[in-house]
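Both counts, for ligands and for their atoms, begin at 1 and track the order of listing. On a predicted model such as this, the values are computed, not experimentally measured, just so you know.
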Amino acid sequence: MIRLTTVGTGTVSPHAERTSAAYLVETGWPMVDGRWHFGEPRQNPDASDAPSTIGHRPSVCLLMDVGAGTCHRLAQFGLPWTTITHLAITHFHADHFGELPALLFAMKYGASETRTAPLTLLGPIGFGALLDKLAAAFGDWVTAPGWPLTITELHPGTPVALAPGVTLDCTRVPHTDESLAFSITTGRTRLVYTGDTGPSEALGDWAKGCDLLLAECSLPDNLAMDIHLTPTSVAALAARAQAKRLVLSHLYPPVEQVDIRAGVAASYGGPMDVARDGDVFEVGGDREVGGGGRERVRGDR
Ligand SMILES: [Zn+2]
Ligand SMILES: [Zn+2]
């Protein structure tokens with residue numbers, strides 16, 4: 001199963017309730033008491049032949065984007081920031097990766113236990129060069145933090161295995177030259193995150209049949225532009241993708257002034273949520289939260 005926490009649902013615009021882009025994805029198979037199995041989902045997690053690899057952490061703890069406010073939001077929502085296994089960046093706008101040095105610095109000096117676990121950083125082509133520039137500005141610890149660090153540049157159409165049975169794939173989207181959308185797959189469950197994007201039929205086709213489409217919905221329709229989505233264009237995307245569930249995020253203040261739900265419902269009939277910071281969505285398990293429901297298990301709002 002996949003658990004998604006919308007850590008930051010805002011944009012580059014400072015906002016009292018929405019910090020910049022950050023989304024935590026945890027995969028695995030939780031026991032009834034909240035512990036996780038490593039590896040592939042199991043049809044019956046309570047079976048007596050439960051594997052010996054039962055652990056207290058998910059198999060993958062992936063942070064997608066790390067914009068301003070991420071570090072403190074992770075702490076606020078009680079999220080396992082010290083045990084993040086992968087950190088993936090969709091594109092190089094500051095509201096999506098600007099807090100990367102601060103998070104690495106926190107992992108190195110702000111945790112109660114010294115980190116030894118490996119960490120993988122993933123991003124578009126050019127990510128390695130960008131990290132070298134950050135290291136030049138902040139210090140060598142950016143790329144040599146003292147624990148095993150792998151830097152992987154993503155190539156559309158070439159999936160990356162994050163862990164046994166968990167893959168990350170990407171595709172180009174119309175926003176900046178390097179911008180990518182992500183797809184996380186484990187077992188039969190698939191989550192697609194648009195990153196920042198303009199309208200794209202190709203993205204809808206690529207996302208076809210996904211269990212959860214996490215989509216940007218930056219602007220109201222009267223401010224539509226070709227590098228962001230609006231209620232109307234995000235609905236067209238979700239309908240083309242036949243997404244089983246739609247979660248909207250990356251909201252600039254003007255789009256919060258319109259009836260987003262009505263705009264989307266005109267052409268997408270599936271369950272839809274307008275995410276808030278700290279919301280939790282689970283798909284692909286027997287505890288699946290679906291059919292328009294929303295389980296809020298973290299956060300203080
Ligand atoms: Zn953005
Ligand atoms: Zn952007």
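Protein N/O/S atoms nearer than 2.8 Å to the Zn ion (ligand 1) total 4.
Salt bridge annotation for Asp211-Arg188: absent, with no cationic side-chain nitrogen under 4.0 angstrom from a carboxylate oxygen. A salt bridge links Asp205 to Arg240: at least one charged side-chain nitrogen sits closer than 4.0 Å to a carboxylate oxygen.
Aromatic ring orientation, His91 versus His96: tilted (interplanar angle from 30° to 60°). Taking the six-membered ring where tryptophan is involved, the planes of His228 and Tyr252 are perpendicular, since the angle between them exceeds 60° and thus also 30°.
Side-chain atoms of Glu99 come within 3.5 Å of backbone atoms of Thr70 as a donor-acceptor pair (strictly under, hydrogens ignored).
The name of the N, O or S atom in His175 nearest to the Zn ion (ligand 2) is NE2.
Geometrically, Arg115 does not engage Trp81 in a cation-pi contact, judged by NZ or CZ lying under 6.0 Å from the ring centre and within 45° of the ring axis.
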